[in-house]
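All ligand and atom numbering here is 1-based and tracks the order in the structure. Because the structure is a prediction, the values reported are computed rather than measured.
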Amino acid sequence: MIYDCVIIGGGLAGLTCGISSLRKGMTTLILSNGMNALHFSSGSVDLMGFDSSEKISKSPFNEISNLNETNNNHPYIKAGETKIIQAMDFFTRELEQSGMRLKSKGKENLFHFTNLGVLKPTYLSQESSFDTDSLNSADGESPVALLNFSGFRDYFPQLAAANLKKSRLFRKRDLIMGEICLEQFDEKGRNYNEFRSIDIARIFNTERYLNKIAQKICEISGKAQIITLPSFLGIDNFERVHRKLEELTGKKIYELPTLPPSIPGLRMDSRLKGIFINAGGHLVSSDRVKAGLFRGKRLNAVVTENSGPDGIRGKNFLLATGSFLSGGLVSEYKKITEPVFNTDVFFTPERTSWNSESFFTETGHPFMKFGVETTDDFRAIIENSEMENLYCAGSVLGHYDPVREGSGGGVAVTTGYACAEIMAGRC
Ligand SMILES: Cc1cc2nc3c(=O)[nH]c(=O)nc-3n(C[C@H](O)[C@H](O)[C@H](O)COP(=O)(O)OP(=O)(O)OC[C@H]3O[C@@H](n4cnc5c(N)ncnc54)[C@H](O)[C@@H]3O)c2cc1C
């Protein structure tokens, strides 16, 4: 079989491209080597959270249009504003049809609270995430409860409370703290080392203890109408668990992001994979692409650990192997390489210029912008030659800084979507 589109990497960029490519009628295969960055992310899609002087921004599209003057190579400039908007709409619609509603505020950023109780700008977030608008769901004087599950060690409500209290939004609100204790999961009955967010999410997922949990929430939250919990309210049946808990308690329930593994990220990952497979896509989730079989500037097939020497054939290919975390980029002492095709990579030669002196620098670390070079239509470049049918998307791309800009998810969704459009036009 010759696929219309072969995608290397099943993260946010590869999955967005895969779904979009299927919707355009292309036969599509995703080859992926395992977990992706969504398992670490908050499960929200950041578009552009900060301005050029590193200040939090309300208006991501203003910041994006300012890039025209400072960074012509930025993936957003190559995609263009219209494509960014179409990509966000497409992504929201696809997830909504699968049952996952995403909040957005038109052309503005949303501001959600982290588990440290500080504000973070984002563009699309899952409906249960606790953001500044959530405060409107109860009257301005109503206390807010910061609850935890007894034994969960990756969240410190006292620290969150101390930071929230610094914000004027919480000046008039009392914060109530408490722990949900279920005798089935007390210290004697469980392995203390395994009580991470994924273990607690599985407890919610069974739906077995929801009545008990709701009763405990009511007992410890007093008059609070707004309840916050770390993000562990179930995985695949999350929407039902969340709705049931709200019905049983009669209170609004929100989630705060936790340390990895991130349950909202995991939910998004499994939802996107489900959409892709249900739409007829082929997903191989544990095979590594080792090399490509080229004829001149055309890639004809990719060789994987399991494919045999003839490889897997396609008309178009997408490189969406992620950044350093996922092995899409590799750092050697004096150079940065892209290990599958050895495409040209943007980096500065002087090793000492790769990072800033201070870890928590506001100007960012230069190495965050390192990544593959592409043409304006995202085609890969190998030894200065523009490839005909090999495209690149997501965090393998160079010339943007996902951390300093707050743009990681937005670039992955936009470029994955844009590449599917370009490939469909040439198929
Ligand atoms: C800790 C952390 C927190 C983050 N938080 C947020 C957030 O809150 N909001 C936000 O918008 N963004 C966030 N981001 C950024 C965002 O998650 C990423 O930018 C985005 O998910 C990248 O998607 P991707 O598809 O480009 O790459 P990845 O998700 O890294 O996926 C790449 C995939 O390619 C596979 N792969 C690699 N090499 C091969 C090979 N040779 N053959 C086959 N498969 C291969 C990998 O196994 C992986 O599955 C965060 C990132 C991190 C690390």
For [atom], grab the closest protein heavy atom and report residue, atom and distance to one decimal in Å.
atom	value
atom 15 (C) of ligand 1	Gly408 CA, 4.0 Å
atom 12 (N) of ligand 1	Gly409 N, 3.3 Å
atom 29 (O) of ligand 1	Ala37 N, 2.9 Å
atom 1 (C) of ligand 1	Phe40 CB, 3.5 Å
atom 42 (N) of ligand 1	Val289 N, 2.9 Å
atom 26 (O) of ligand 1	Ser395 N, 2.8 Å
atom 48 (C) of ligand 1	Met35 O, 3.4 Å
atom 8 (O) of ligand 1	Ser42 OG, 2.6 Å

Report yes if the distance between the aromatic ring centroids of [X] and [Y] is under 6.0 Å, otherwise no.
X	Y	value
His282	Tyr3	yes
Phe130	His112	no
Phe238	Phe204	no
Phe170	Phe113	yes
Tyr391	Phe378	no

Backbone, side chain, both or neither: what part of [X] comes under 4.0 angstrom of ligand 1, heavy atoms only?
X	value
Lys120	side chain
Asn36	both
Pro260	neither
Ser407	neither

Find all atoms of ligand 1 within a distance of less than 4.0 Å from any non-hydrogen atom belonging to [X], and give their numbers and elements.
X	value
Leu12	21 (O), 23 (O), 25 (O)
Val45	11 (O)
Gly394	26 (O)
Leu31	43 (C), 44 (N)
Val340	41 (N)
Ser32	35 (C), 43 (C), 44 (N), 49 (O)
Ala320	32 (C), 33 (C), 34 (O)
Gly322	27 (O), 30 (O), 32 (C)

Any chance you could lay out the side-chain hydrogen bond (donor to acceptor under 3.5 Å, both in side chains) test for Thr258 and Asn115, step after step, and finish with the verdict? CA-CA 6 Å; Thr258 63; Asn115 58 351; over 6 Å; no

Can you say whether the rings of Phe232 and Phe152 are parallel (under 30°), tilted (30 to 60°) or perpendicular (over 60°)?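 It falls in the perpendicular class, over 60°.
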
How are the rings of Phe367 and Phe324 set relative to one another: parallel (under 30°), tilted (30 to 60°) or perpendicular (over 60°)?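 Phe367 and Phe324: perpendicular rings.
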
Minimum distance, heavy atoms only, to [atom]: which one of [options] is it?
atom	options	value
atom 43 (C) of ligand 1	Asp287, Leu15, Thr321	Asp287
atom 49 (O) of ligand 1	Gly9, Gly34, Gly11	Gly34
atom 4 (C) of ligand 1	Ser41, Gly14, Gly265	Ser41

Take atom NZ of Lys335 as the centre, draw a 6.0 Å sphere, and report whether it contains more than 12 heavy atoms from other residues, nucleotides or ligands.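 It does not: Lys335 NZ has 12 such atoms or fewer within range.
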
Quick check: are there more than 12 heavy atoms from other residues, nucleotides or ligands sitting under 6.0 Å from CD of Gln97?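 Buried by this count: over 12 neighbours within 6.0 Å.
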
May I have the step-by-step check of salt bridge (Lys or Arg N to Asp or Glu O under 4.0 Å) for Arg379 and Glu388, ending in yes or no? CA-CA 7 Å; Arg379 278 177 296 127; Glu388 279 175 17; over 6 Å; no

Applying side chain to side chain contact (heavy atoms under 4.5 Å, CB included) between Leu15 and each of Asp269, Val413, Ile275, report the one that passes.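 Answer to the side chain to side chain contact (heavy atoms under 4.5 Å, CB included) test with Leu15 among Asp269, Val413, Ile275: Asp269.
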
Checking side chain to side chain contact (heavy atoms under 4.5 Å, CB included) between Glu207 and each of Ile203, Asn205, Leu210, which is the one that passes?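 That would be Leu210; it is the only one of Ile203, Asn205, Leu210 passing the side chain to side chain contact (heavy atoms under 4.5 Å, CB included) with Glu207.
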
Intermediate values then yes/no, salt bridge (Lys or Arg N to Asp or Glu O under 4.0 Å), Glu127 and Lys103: CA-CA 6 Å; Glu127 224 188 353; Lys103 292 189 271 194; over 6 Å; no

Can you tell me how far CG of Asp377 sits from SG of Cys419, rounded to the nearest 0.5 angstrom?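 Atom-to-atom, Cys419:SG and Asp377:CG are 8.5 Å apart.
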
Under 3.5 Å, N or O to N or O, is [X] touching ligand 1 that way?
X	answer
Ala13	yes
Ser326	yes
Gly328	no
Asn33	yes
Asp46	yes

Walk me through it: do Thr375 and Glu386 pass the test side-chain hydrogen bond (donor to acceptor under 3.5 Å, both in side chains)? CA-CA 7 Å; Thr375 60; Glu386 298 177 0; 5.6 Å; no

Atom 51 (C) of ligand 1: protein heavy atom closer than 4.0 Å?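 Within 4.0 Å of atom 51 (C) of ligand 1, no protein heavy atoms are found.
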
Checking side-chain polar atoms at under 3.5 Å, does Ser129 have a donor or acceptor matched by the opposite partner on Glu255?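 No.
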
